[in-house]
Amino acid sequence: MRIGELAERTGASPRLLRYYEQHGLITAERSPNGYRHFGEDDVARVGRVRDLLEAGIPIKIIKLILPCLSGGEDIHFPVPDPGLLAQLEEQRDRMTRKAECVLKNRDAIAAYLDRVRGPAEPARD
DNA sequence: CTTCTGACA
DNA sequence: TGTCAGTA
């Protein structure tokens, strides 16, 4: 399929898909006219890239773990490379700190809501 | 009409 | 990221 269809099916704009390809997050074959050509599996791949990006993981790290994603959400490293592990440990710690920050602010907002709206309203969480 | 590359806000 | 230009 061409970039337009992949864009429709993934929710990512063609502009963004070209950006992903430019940074090695996805690969595309080229038609003689220069048009990018993607496969069915790229729909899922783009989805995974977007999930990782949404989690705040830098493209640099995504490129490292993307080839280790086997269709599912699981990650596996056949031959753990020291350098790779170090970068992933660093990323894990950043994510931990970010998660703590998010939780902290969520609790603050929840507490605020409880005070102004009153404990009577559930609708939270 | 769709896509491509490069560039600018 | 969106969008504009000038093509293929």
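We name chains A, B, ... by the order of the sequence lines, and we start the count at 1 in each one.
Between A:L16 atom CG and C:dG2 atom C1' there is a gap of 11 Å when expressed in whole angstrom units. In this structure, the OH atom of A:Y19 is 16 Å from the C1' atom of B:dC8, given to the nearest Å. In this structure, the CD atom of A:Q22 is 12 Å from the C1' atom of B:dC4, given to the nearest Å. Note: CG (A:L17) to P (C:dG2) measures 10 Å, nearest angstrom. When the P atom of B:dT2 is taken as reference, atom CZ of A:F38 falls 17 Å away, rounded to whole Å. A:H37 places its NE2 atom 11 Å from the P atom of B:dC4, with the value rounded to the nearest Å. Residue A:H23 contributes atom NE2, which lies 11 Å from atom P of C:dT1 at whole-angstrom precision. The distance between atom CG of A:L25 and atom C1' of C:dT1, rounded to the nearest whole Å, is 16 Å.
The minimum heavy-atom distance between A:P14 and A:I3, with the atom names listed, is O-CD1, 3.4 Å.
Considering only the side chain of A:R36, B:dC4 comes nearest among B:dC4, B:dA7, B:dT2. Relative to the side chain of A:Y35, the nucleotides B:dT3, C:dT1, C:dG2 differ in distance, and B:dT3 lies closest.
For B:dC1, there is no paired base (Watson-Crick or G-U wobble, both distances below 3.5 Å).
Each of A:R2 and A:R15 was assigned the nucleotide of DNA chain B with the nearest heavy atom; the assignment lying further toward the 5' end belongs to A:R2.
Taking a cutoff of 4.0 Å between a charged side-chain nitrogen and a carboxylate oxygen, A:R94 and A:E90 qualify as a salt bridge.
At least one side-chain heavy atom of A:M1 sits under 4.5 Å from a side-chain heavy atom of A:E40. At least one side-chain heavy atom of A:R36 sits less than 4.5 Å from a side-chain heavy atom of A:R30.
Residue A:R18 has no polar side-chain atom (N or O) positioned under 4.0 Å from OP1 or OP2 of B:dT2.
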